[in-house]
Amino acid sequence: MRRLNCDVVFAIVVAFVSGCGQPRDTTKTSGATDTGNSSSEPLVILVAASTKDAIEELAGEFETKTGRRVRIGAGPSNALAAQIASGAPADLFLSANEKWADYIEEERLAEAVTPLLTNDLVLIVPRDNPAEVRIPADLAGPRLKRLALAGENVPAGIYAEQALRALKLYDALADAKRIVRGQDVRMTLGYVARGEAEAGIVYATDARIVDDIAVVYQFNPTTYDRIVYPLVLVKRDRPNAAARKLYDYLRSPEAATVFEKFGFKRVTE
């Protein structure tokens, strides 16, 4: 695959670093010692915005067990993949779809890849539901002025557009300029929670974290590509045993329990 234009990558990276995707250091005081690698530098994991809360909890548990610090960068998967391809240091990448994990593989930057999680797609409204949206067909009604979706290249936005096209709704909404796009799924969620959009389409896991919205409909999974979150162990100049240990930990039954607590399901072949 052709490498992204440098100006485009720079713009994406600047937007990412200045926004919600800035890596967060989850360092905790711990008496444990790192037996995976002698480096004292923190591990860096870049994750789809929808997984941020679960990964923060898991990173904290990993630090307690190993003493190895973990920094988390959360944002849209397409921007994170562009960061990695442009040389930004990252040890792991958790994408919200297979497309951007495949891109990292095609760039020969993946040491290992595991399909890890899956999710559902839901239609949400503000708690008072001013447009009286209850099913997707209601999105065509005159009371809806804005429908919030994630960006066109962001996995949540791709899945949402697929579902709307399958239901023969997307073109009319786009032509009427009723669609507003968020940088990632959390921004999309915020539009609806603040009443800036009368409805939105997000992952079921994101809908669980905000009290000011209600889920009114769960889309049939046959209307969009299967949602898969692949976990990528990023290839670095030198092997990093601690990064491999974190990769294995996120694939463990213990981690699966935490992911399930946040509403994710493990991929079963």
Next item on the list: Could you list the residues that satisfy side chain to side chain contact (heavy atoms under 4.5 Å, CB included) with R127, not counting sequence neighbours?
Entry: A214

Check: Does any non-hydrogen side-chain atom of L121 lie less than 4.5 Å from one of Q218?
Finding: no

Margin query: As a quick check of understanding, evaluate side chain to side chain contact (heavy atoms under 4.5 Å, CB included) for R71 and I45, giving each step before the final call.
Written below: CA-CA 6 Å; R71 297 185 70 207; I45 177 170; over 6 Å; no

Item checked: For V215 against A207, the heavy-atom pair lying closest together -> CG2-CB, 3.5 Å

Check: Roughly how far apart are I72 CD1 and L46 CG, rounded to 0.5 Å?
Finding: 10.5 Å

Next item on the list: Apply side chain to side chain contact (heavy atoms under 4.5 Å, CB included) to I104 and F93, showing your working.
Entry: CA-CA 9 Å; I104 297 302; F93 171 42; 3.9 Å; yes

Next item on the list: List for me each residue that meets side chain to side chain contact (heavy atoms under 4.5 Å, CB included) alongside A256, sequence neighbours excluded, and say none if there are none.
Entry: E260, R266

Note to self: Who clusters with V154? Use side-chain heavy atoms, under 4.5 angstrom, across I, L, V, M, F, W and Y, and order the result by chain and number.
What the structure shows: none

Item checked: Value rounded to 0.5 Å, distance of CG in L164 from CG in L139 -> 6.5 Å

Next item on the list: Tell me whether M187 is reachable from I179 by hopping between hydrophobic residues (I, L, V, M, F, W, Y) whose side-chain heavy atoms are closer than 4.5 Å.
Entry: no

Next item on the list: Taking the side chain as every heavy atom from C-beta outward, state whether N240 and R244 have any atom pair closer than 4.5 Å.
Entry: no

Next item on the list: Report yes if some heavy atom in the side chain of V122 is under 4.5 Å from a heavy atom in the side chain of I124; otherwise report no.
Entry: yes

Item checked: Check against side chain to side chain contact (heavy atoms under 4.5 Å, CB included), W100 and L80 -> CA-CA 9 Å; W100 295 111; L80 301 178; over 6 Å; no

Item checked: Pairs satisfying ring pair (Phe, Tyr, Trp, His ring centres under 6.0 Å), at least one member in residues 53-74, at least two apart -> F62-Y249

Margin query: If the condition is side chain to side chain contact (heavy atoms under 4.5 Å, CB included), which residues does P130 pass it with, not counting sequence neighbours?
Written below: P126, D128, E198

Checklist line | Residues forming a side chain to side chain contact (heavy atoms under 4.5 Å, CB included) with Q162, sequence neighbours excluded | finding: I158, Y159, Y224, D225

Checklist line | Set of residues satisfying side-chain hydrogen bond (donor to acceptor under 3.5 Å, both in side chains) with respect to R208, sequence neighbours excluded | finding: none

Item checked: Counterpart residues, side-chain hydrogen bond (donor to acceptor under 3.5 Å, both in side chains), relative to E152 (two or more places apart) -> none

Next item on the list: Starting at CG of L250, measure out to OG1 of T114 and round the result to the nearest 0.5 Å.
Entry: 10.0 Å

Notebook entry, point to check: What is the minimum heavy-atom distance between S50 and T205, and which atoms define it?
Noted result: O-OG1, 4.4 Å

Checklist line | Contact list for residues 115-158, test ring pair (Phe, Tyr, Trp, His ring centres under 6.0 Å), sequence neighbours left out | finding: none

Margin query: Same cluster or not: V210 versus V180, using hydrophobic residues (I, L, V, M, F, W, Y) connected whenever any side-chain heavy atoms lie under 4.5 Å apart?
Written below: no

Check: Does the side chain of V44 come within less than 4.5 Å of P89's, by heavy atoms?
Finding: no

Next item on the list: I would like to know whether V234 and L92 meet side chain to side chain contact (heavy atoms under 4.5 Å, CB included); could you show each step before the answer?
Entry: CA-CA 5 Å; V234 179; L92 278 77; 5.6 Å; no

Next item on the list: Determine, for E254 against K65, whether the closest basic-nitrogen to carboxylate-oxygen distance falls under 4.0 angstrom.
Entry: yes

Next item on the list: Please determine if E107 and K235 form a salt bridge, counting it only when a charged side-chain N lies under 4.0 Å from a carboxylate O.
Entry: no

Notebook entry, point to check: For A96, does its backbone N or O pair with a side-chain atom of S77 as donor and acceptor, under 3.5 Å?
Noted result: yes

Check: Is the backbone N or O of V228 less than 3.5 Å from a side-chain atom of T118, with the two atoms forming a donor-acceptor pair by type?
Finding: no

Item checked: side-chain hydrogen bond (donor to acceptor under 3.5 Å, both in side chains): pairs with one or both residues in residues 130-142, sequence neighbours excluded -> E132-R143

Next item on the list: Using the ring pair (Phe, Tyr, Trp, His ring centres under 6.0 Å) rule, collect all pairs that involve residues 161-215, keeping only residues at least two apart or in two chains.
Entry: Y203-Y229

Note to self: Show me the pairs that pass ring pair (Phe, Tyr, Trp, His ring centres under 6.0 Å) and involve residues 118-142, at least two apart or across chains.
What the structure shows: none

